[in-house]
Structure formats: structure tokens, C-alpha cells
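Below is one structure; the comments refer to it alone.
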Amino acid sequence: MDRRNFIKSGAAGLAMGALGTKTAEATSTAQTSSPTTNIPVSGTPNGIPIPGGSFTPQPGKRLDGGPGYNDPRNMFDGAMRMGSDISPRYTYENIPEESEVEFKIFHIDVVLTEHELVDGVKMHALAFNGQVPGPEIRVQENDWVKVIFTNKTGLMHTIHWHGLFSPYEMDGVPYTTQPPLMPGQQFVYKFRAAPYGTHFYHCHFSTPLHQAQGMHGAFIVEAKGDDPIRKQFPYTRDYTMVLEAFALDYARQGFNAMLERMKEKMRLMKLHKLTKDTLAVFRNYRDLKKHIKEGYIPPYSQNRNQSGPVLPNWNYFGINGKSYPATEPLLIKPGEWIRIRLINGGFLEHYMHLHGHDFYQVANDGAPLPEPIRGNTIAVKPGKTADIVVYGNNPGVWTFHDHDTTRVTNNGVYPGGMLTVLEYEGFVGGYGPLTAIDE
């Protein structure tokens, strides 16, 4: 794309957009699914079979990253050439043609928007499809998945498929498996949905800011046949709870600083001076050391001016993008099993405690546990997922919250933040619950 269209596409993404739909669009690209010859994965290291099923080798496949996408090798031959005709030269195997199998297609973009955490409190957020968290993607194990990702902001992004067995070139780590998407660019991710269980996706570029301020979403891989957890615990409802921490001042300052840096990169691009030095990207550590010896000052140096906050000051906490009392209740009936998928989409550890009940932890990082663990409080570390099941045997309205109660606050005011309730449908007790916002 030429410079004018490049700037236009980047600037358009900076406008505040309306919140999007609740689910990602999924459609089939093939009317029929042609069977292919499956070659089983060989090898059982330490006697443990390699998970992921079987695959069909497809040597020599080329990845189409979209119009104007740059081969990262061209970044180091003088100035980076935006809008060149050179396509990426990635080779990846084992992904069939769309005429051979059915792909589940999802369209995901990212916009800079304004998101309301709780009435009266809005934050700037980077949002997949305009919502926080991003749309939940739910497929069956071994489905072929195609995600068309479009960058509608003035910043750079990727998507990492956390916990999924994607091909190397689909892992979404900038400068390791792909160059980051510049404003207005598009990238097509293709992979097979495996393994079974609760996973998530998030941005892996400038992760402390992008992931923490909205760019995360659930990715659920269901069993193709009988659900191994439902066989033991016949749950009838399936809830997803993305646990989040937000730093509003950090986000505002960080976004402004990043946008200023992007403006500078666009200016350098116009002057044909966008190089590996100005991008702070090097061939390897030895190359970096060579540049430092020649006078380059890395951005982490104490004698280089920093822009934006250094560390986040977490002051709001949420469940699925909302802080109490805006959080949604978990509904249950007497005699009913429910499944709750806990996903830590942030960078703090949370200790989720349920009143009035014990629960069973049935999965860790998506993998079913051989022996469920009984308890009433569970620690969910950053990047972890944990599935629990609850049986409805004690009617009432029961608090479910982070037991580090500094996270059950809104800007330091208790109660708020990471708090919801397990509510029995139709329950009428001796006391009618009220909504408190300052105790």
C-alpha cells in the first residue's frame, strides 16, 4: 500500500469505535470436506503419546500474510520498505488447502476504543472486535481454524494462541515467528484446534500494555465426541470467567506514548530512514552489543529519556470486562451441575473463593485432571486456566470473589472489582440482598 493509504488506514483506527458483537463470526469455507490420508504422529517420549491427533504433511506451503505484508529479512537491508511487492517467504507444513477440508472462519480486528468497566468509569482499551474481553471462540477438537486478523489501530499487534498447538509460524510472537502487523495490515492465522480444553488468545506485542488493557479473549476447544468432564459431572451450563486487572493511568499514558512513537516511525518511513536501529530490532544479541559499542543507547538504559509510565498501578479489577456491581451473576438451580472456566487474562494472581459450597477443580490449563480436587478457593496464576464444577445443593445468593480483597475494589473503594455471585434461580430467602458500593 502507498504511504497515503497507509496513513489513512492507521489514522482511521484511532477513532473511538462503538462496541462490537458478542461473538466472532464463524462460517464454513468449503461446501464439502474431502478426506485426506492421515499419517499418525510418531514417537512417544517417556512413554507419553504426543497429543494433537494426526496430520497430513503438505510440504512447501506458503503463508499469505495479506497485501503489503513484509518479509522480516527485508528489514535489515538498509531502510525498511513499507508497501513493497515482496511477500513473506514462510514455509509451514501440515496445513491443507481450503478446498480439501472445512475451515471454521473467524474475523477479528483490533480497535482503540472506550470501554466502560462500571457505571461512571470508562477506560481506553485495545479491543478485539470492539469488546473487552474479545469474542469467545468455541470450536471442536481437531477442527481446522482460520482467523483473519486486521489491525485497525495506529499501533502494532499480533495474536498469540495461548495453550494451543499451532504451527510455529502461527504462534504470533513478533520478530520470532512473524513481523508485527503495522497499521492497516492483515494477517491470516491457520491451525488445527488442539488440545481439548480451556485456552485463550492475546496480543504478544507490547504485551504488558496490550494484553492487560483489553487484548485477550477465551478460546474453548470442545470434545468432538463425549466430553470427558461431562461424563463424570453432568453439567448443564458452561460459564467462562476471564479474570482481569486494569491500570487506567498506565493505559492512558502508555497509549499516548506508543502513538507518539508510531508517529515518529511513520515520519522516518516517509524519509526512508526506518531502520533496525530506529525499530530497536537486531539480528541477534551479538548484533545489539555491536551497535551499543558504536554508540547506540537501548531504550531500557537509565540515561535515555523514557516516555510513559514504567510500571502499571492496578486500580480496577474485573470479570469479563466488568467490575462489581456491573459483573454478571452465575445462575444455578437446585440439583444442577454447572461448569466454570476461569482464565487469568492479566498479570496478577487471583484466589477465587466461593461461599456456601465446595467445588471440584476438573481441569488445569485445559487438561482434565485424573483426580478432581475438592475445595472452596482456587489460585489462578497469570496465564493459567482452571475449570471447576459446582453442584447446586445449598440455595441462596452466594458471593464468589478474589480472596485477595484488595482486588475486590474499584479505585481502592470496597466492594467492587473481582466480585460476583452464585445465584439460585427463583430463590427467596429471609433477607433480600442489596447492592453495596462503599463499605
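As the structure is a prediction and not an experimental result, all values here were calculated from the model.
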| request: Spell out, as yes or no, whether a donor-acceptor pair under 3.5 Å connects the side chain of Glu328 to the backbone of Leu330. | output: no
| Salt-bridge contact Arg192-Asp143 (side-chain N to carboxylate O under 4.0 Å) | no
| Which atom pair, heavy atoms only, marks the closest approach of Tyr201 to Ile137? | CE2-CD1, 4.1 Å
| said: One thing to verify: whether Lys146 and Glu98 come together as a salt bridge, which I'm taking to mean a side-chain N less than 4.0 angstrom from a carboxylate O. | reply: yes
| message | Looking at Glu97, is its backbone amide N or carbonyl O close enough to the side chain of Glu100 to form a donor-acceptor pair, meaning the two atoms are under 3.5 Å apart? | response | yes
| query | Can you check whether Arg237 reaches Leu331 side chain to side chain, under 4.5 Å on heavy atoms? | reply | yes
| Looking at Phe219 versus Phe106, is the centre-to-centre ring distance below 6.0 Å? | no
| Spacing of CE belonging to Met182 relative to OG1 belonging to Thr153, to within rounding of 0.5 Å | 10.5 Å
| said: For His157 and Phe149: C-alpha separation, side-chain torsions, deciding distance, then whether side-chain contact (heavy atoms from CB on, under 4.5 Å) applies. | reply: CA-CA 10 Å; His157 304 287; Phe149 179 46; 4.1 Å; yes
| query | Would you find a donor on one side and an acceptor on the other, under 3.5 Å apart, between the side chain of Asn320 and the backbone of Val242? | reply | yes
| query | Does any N or O in the side chain of Glu169 come within less than 3.5 Å of the main-chain N or O of Thr177, such that one atom is a donor and the other an acceptor? | reply | no
| field | Rounded distance (nearest 0.5 Å) linking atom OG1 of Thr420 with atom CD1 of Ile319 | value | 5.5 Å
| field | Short side-chain to backbone donor-acceptor contact, Thr385 and Ile343, under 3.5 Å | value | no
| field | Leu243 vs Met418 side-chain heavy atoms within contact, under 4.5 Å | value | yes
| Are the side chains of Lys190 and Val145 in touch, meaning some heavy atoms are under 4.5 Å apart? | no
| said: Quick one: does any side-chain atom of Asn344 pair with a main-chain N or O of Val380 as donor and acceptor, under 3.5 Å? | reply: yes
| said: Using side-chain contact (heavy atoms from CB on, under 4.5 Å), reason through Phe191 and Trp161 one step at a time and then give a plain yes or no. | reply: CA-CA 10 Å; Phe191 53 89; Trp161 311 100; 3.6 Å; yes
| message | Less than 3.5 Å apart, any donor N or O on the side chain of Gln186 or Thr150 sitting next to an acceptor on the other? | response | yes
| Do Leu117 and Lys122 pass the side-chain contact (heavy atoms from CB on, under 4.5 Å) test, and can you show the C-alpha distance, the side-chain angles, and the key distance before you say yes or no? | CA-CA 6 Å; Leu117 284 170; Lys122 294 182 179 180; over 6 Å; no
| said: Less than 4.0 angstrom from a charged side-chain N to a carboxylate O is my criterion; do Lys290 and Asp287 meet it? | reply: no
| task | Would you please test His204 and His160 for ring pair (Phe, Tyr, Trp, His ring centres under 6.0 Å) and show each step? | result | CA-CA 6 Å; His204 219 291; His160 168 59; 5.2 Å; yes
| query | Has the side chain of Lys322 got a donor or acceptor atom that lies under 3.5 Å from a matching backbone atom of Glu116? | reply | yes
| task | Nearest 0.5 Å please: distance from the CZ atom of Phe128 over to the CG atom of Asp109. | result | 9.5 Å
| Thr158-Gln178 side chain donor-acceptor pair, cut-off 3.5 Å | no
| message | With side-chain contact (heavy atoms from CB on, under 4.5 Å) as the criterion, how do His210 and Phe205 come out once you've worked through the C-alpha distance, each side chain's angles and the decisive distance to 0.1 Å? | response | CA-CA 7 Å; His210 293 198; Phe205 187 90; 3.9 Å; yes
| said: Looking at every heavy atom in both Leu181 and Asn151, which two are closest together, and how far apart are they? | reply: O-ND2, 3.1 Å
| For the residue pair His401 and His355, does the interplanar ring angle fall in the parallel (under 30°), tilted (30 to 60°) or perpendicular (over 60°) class? | perpendicular
| message | Is there a side-chain contact between Tyr324 and Thr435 in this structure, where contact means two heavy atoms from C-beta onward sitting under 4.5 Å apart? | response | yes
| field | Heavy-atom check, side chain of His199 versus side chain of Ile220, under 4.5 Å | value | no
| note | Contacts of Arg230 meeting side chain to side chain contact (heavy atoms under 4.5 Å, CB included) (sequence neighbours excluded), chain-then-number -> Asp227, Tyr235
| request: Anything under 30° is parallel, anything over 60° is perpendicular, the rest tilted; go ahead and classify Phe103 against Trp144. | output: tilted
| Minimal non-hydrogen separation, Ala247 against Gln213, with atom names | N-OE1, 3.2 Å
| field | Closest contact, heavy atoms only, Pro195 versus Val221 | value | O-CB, 3.4 Å
| Atom CH2 in Trp398, atom NE2 in His353: separation rounded to 0.5 Å? | 10.5 Å
| Distance from Phe200 atom CZ to His162 atom NE2, nearest 0.5 Å? | 4.0 Å
| remark: All heavy atoms of Phe359 vs all of Thr377, minimum pair found to be CZ-N, 3.5 Å
| query | Between Tyr351 and Glu349, do the side chains contain an N or O donor and an N or O acceptor separated by less than 3.5 Å? | reply | yes
| request: Decide, yes or no, whether a salt bridge links Arg138 with Glu222 under the criterion of side-chain N to carboxylate O below 4.0 Å. | output: yes
| message | Tell me if the CD1 atom of Ile437 is crowded by more than 12 foreign heavy atoms within 6.0 Å. | response | no
| query | Looking only at heavy atoms, which two atoms of Thr406 and Thr409 are closest? And how far apart? | reply | O-OG1, 2.7 Å
| query | Are side-chain heavy atoms of Ile388 and Ile378 found at a separation under 4.5 Å? | reply | yes
| field | Note, Leu248 side chain near Asn315 side chain (heavy atom, < 4.5 Å) | value | yes
| task | Report the distance from atom CD1 of Ile338 to atom OG1 of Thr236, rounding to the nearest 0.5 Å. | result | 8.5 Å
| said: Less than 3.5 Å apart, any donor N or O on the side chain of Thr198 or Asp387 sitting next to an acceptor on the other? | reply: yes
| task | Determine whether Val121 and Asn411 make a side-chain contact, defined as any pair of heavy atoms from C-beta on separated by less than 4.5 Å. | result | no
